[in-house]
Amino acid sequence: MGIISWIIFGAIAGWVANVVVGGRNRERRGCILNVLTGVVGAALGGFVYTVGTGRDISFGFDLHSFAVAVLGAILLLLLLQLFSRSGTQRR
């Protein structure tokens, strides 16, 4: 996939993950944060998928790759929430 495809794919995956994790009271994020969340989440999801199944994943525009990217982005957002909550509790 080209860079434009990664940006579009990341934006959609990041937005879906933000909707799932945040629900109705979610924090609205800009397009750039959605792209970063989606792309980093796709990499994280691909890593977890490879470690968990022992098979490589090729990211293309298909439902399987999109699901892995969204699940990775959801995992990323949950981890960020966990660390941000634990940091505020110490203060």
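Each residue takes its place number in the sequence, starting with 1.
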What pair of heavy atoms forms the shortest contact from [X] to [Y], and how long is it?
| X | Y | value |
| --- | --- | --- |
| Ala69 | Phe9 | CB-CE2, 3.6 Å |
| Ala73 | Ala13 | CB-O, 4.2 Å |
| Val70 | Ala17 | O-CB, 4.1 Å |

Are [X] and [Y] connected in the hydrophobic side-chain network, where two residues link if heavy atoms are under 4.5 Å apart?
| X | Y | result |
| --- | --- | --- |
| Leu78 | Val16 | yes |
| Trp15 | Ile4 | yes |
| Leu76 | Leu33 | no |
| Val40 | Leu75 | yes |

> How is the hydrophobic cluster of Ile32 composed, in terms of its other members, when Ile, Leu, Val, Met, Phe, Trp and Tyr link through side-chain heavy atoms under 4.5 Å apart, directly or indirectly?
Replying inline: Leu36
>> Using side-chain heavy atoms (C-beta onward) and a distance below 4.5 Å, is Leu71 in contact with Tyr49?
In response: no
> What's the spacing between Ile74 CD1 and Asn18 CG if we round to 0.5 Å?
Replying inline: 10.0 Å
